[in-house]
Amino acid sequence: MSEESLILEKICEVAQKAGRIMLEASDPKVKEKSGHANFCTQTDEKIQEFLIQMLGSILPQAAFLGEEEGQDEFTDRMKSGYVFIIDPIDGTSNFIYGYRPSVISIGLLLDGKPHIGVVYNPFDDEMYRAIAGKGAYLNGERIESSDRPLSDSLAVFGTAPYYTELQDMTFDMARKLLPECVDLRRSGTAAWDMCCVATGRCSLYFELRIQVWDYAAAALIATEAGCTVTDSYGKSLSYDGPTSVICRARGVKIIPECLLQKR
Ligand code: LIP
C-alpha cells in the first residue's frame, strides 16, 4: 500500500470515529456566531478538537485550518507542506434541528493543492474519499458523475442565511435555473451536495460563497469523479479562502448562462 493510501485509510478511520461523536451527541449547547442563523455547537468544537488531535498524530508536521474558533485563518505558511482543512460538522443547522444530513469534512492539501479528500455522512455510513489523480470512491466503490444533460437531472444549491447580501442574486439564479433542470434541491451542506454530484444523484451544485473547509475535501472528490469544479466566473478554486463554487457533472458541458458571473 502506498504511503498516501495508508494516510487515507487512517484519515477515514478518524472520520468514522468523529462521526460516532456526532451520532452520540445529545442536545448540544448551541452558540451564535456573527450574522443571522450562524451557529456552532459544543459538538462542532468537540469534533474539531478530536480531529486536530487524531489527524495530528497521522501527520505531526501538518498545519490545520478549521471552521471553529482559533483555527480559521489561512496563513502563507499553509502554501507549502501538508495542511488539513477540516469542517467538524458541515450542515450545523441540520444537526441542531435533526434535519439530515450533516457530514464530517477532512481535506488535505500538499503544497497548496488538494491531495486527499474525505467526507463522511455518519447517518447513512457513507464514506466518500479521493486521492488526487486516483479516482473517487463511496464505501470502497468507484464513483463517477452523471453523463445525463441538466434537462434530465436534479440540481442543488446552497446559500448561508448570514450572507444576506447574496440572497437576492442566489434565488434569482435558482429561479432561472429551475426550467433548465428537472427540479432543485437544497440540503444545507455544501460538502454533501458536491458528493451527491460526484455520485450521479444530481448534476450541478452552486453556491455564491462558501468557506474553504466547506469545499476542500468535496471539490477533490467531485473532480476525481469527473466533475468540473470552478468558481462562478469559471476559474479554478484557490483553496485559500471563501469563494463561489459551481460543480458540474460530466453531462453538464458548460456553466448555465444564468449562473455565470462576469467580472
Ligand atoms: C454550511 C454550508 C452550506 C451553506 C450553509 C452552511 P456549515 O456550512 O456547507 O453550503 O449553505 O448555510 O454555511 O456552517 O454548516 O459548516
Side-chain angles (χ1 to χ4, degrees), residues 15 18-19 21-22 25 28 30-51 64-72 84-107 117-123 126 128 155-171 173-174 177 184-198 201-202 204-222 229 231-232 237 239 241-247 259:
I21 297 174
M22 192 193 298
V30 180
K31 291 180 183 175
E32 291 259 5
K33 299 196 290 190
S34 61
H36 172 64
N38 188 0
F39 301 120
C40 165
T41 71
Q42 275 178 327
T43 310
D44 286 88
E45 293 173 334
K46 183 176 178 183
I47 293 175
Q48 178 155 300
E49 284 168 28
F50 174 79
L51 291 177
F64 280 87
L65 185 65
E67 176 162 17
E68 304 319 334
E69 207 165 317
Q71 296 290 345
D72 57 353
F84 280 111
I85 301 185
I86 57 178
D87 192 343
I89 301 181
D90 189 48
T92 294
S93 294
N94 289 354
F95 175 66
I96 292 168
Y97 293 99
Y99 182 89
R100 296 176 180 183
S102 302
V103 300
I104 314 268
S105 178
I106 302 170
V118 171
V119 173
Y120 183 53
N121 170 5
F123 298 100
E126 289 182 335
Y128 302 86
V156 296
F157 74 103
T159 177
Y162 39 87
Y163 294 141
T164 50
E165 71 281 9
L166 297 176
Q167 305 299 321
D168 289 346
M169 187 187 296
T170 297
F171 286 98
M173 286 175 163
L177 184 65
L184 291 171
R185 295 291 184 268
R186 176 156 155 39
S187 80
T189 154
W192 191 71
D193 283 339
M194 282 184 268
C195 288
C196 285
V197 182
R201 294 174 186 154
C202 52
L204 182 143
Y205 155 79
F206 82 89
E207 187 153 0
L208 286 179
R209 187 183 299 147
I210 56 173
Q211 298 293 339
V212 61
W213 42 79
D214 295 319
Y215 68 80
L220 176 63
I221 292 164
V229 186
D231 67 13
S232 57
L237 302 186
Y239 289 89
T243 180
S244 55
V245 174
I246 298 177
C247 177
L259 301 183

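Owing to the predicted nature of the structure, the values given are computational and were not obtained by experimental measurement. Order of listing sets the numbers, starting from 1, for every ligand and every atom in it.
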With heavy atoms only and a cut-off of under 4.0 Å, state how Glu207 meets ligand 1: side chain, backbone, both or neither. side chain
Heavy-atom side-chain proximity of [X] to [Y] below 4.5 angstrom:
X	Y	answer
Met194	Val119	no
Trp192	Glu126	yes
Phe206	Leu177	yes
Leu208	Tyr163	no

Where is the tightest heavy-atom contact between Ile106 and Ala217, given as atom of each residue plus distance? O-CB, 3.4 Å
Where Tyr205 and Ala190 come nearest, the two heavy atoms and their spacing: OH-CB, 3.2 Å
In terms of relative ring orientation, are Phe171 and Phe157 parallel, tilted or perpendicular, with 30° and 60° separating the classes? perpendicular
Close-contact set for ligand 1 against [X] heavy atoms, below 4.0 Å:
X	result
Asp87	16 (O)
Pro161	12 (O)
Gly188	1 (C), 3 (C), 5 (C)
Thr92	15 (O)
Tyr162	6 (C), 13 (O), 14 (O)
Asp90	1 (C), 2 (C), 7 (P), 8 (O), 9 (O), 15 (O), 16 (O)

Option passing side-chain contact (heavy atoms from CB on, under 4.5 Å) with Ile89 (candidates Ile96, Asp44, Asn94): Asp44
Polar side chain donor-acceptor pair, Thr243 to Asp231, under 3.5 angstrom: no
Within the structure, is a non-hydrogen atom of [X] found at a distance of less than 4.0 Å from ligand 1?
X	result
Phe95	no
Ala191	no
Ile89	yes

When only distance counts, is [X] in polar contact with ligand 1, meaning an N/O pair under 3.5 Å?
X	result
Ser93	no
Thr189	no
Arg186	no
Ala190	yes
Gly91	yes

Report the C-alpha separation of Tyr215 and Ser105 in whole Å, then their side-chain angles, then the decisive distance to 0.1 Å, and conclude whether the side-chain contact (heavy atoms from CB on, under 4.5 Å) test is met. CA-CA 8 Å; Tyr215 68 80; Ser105 178; over 6 Å; no
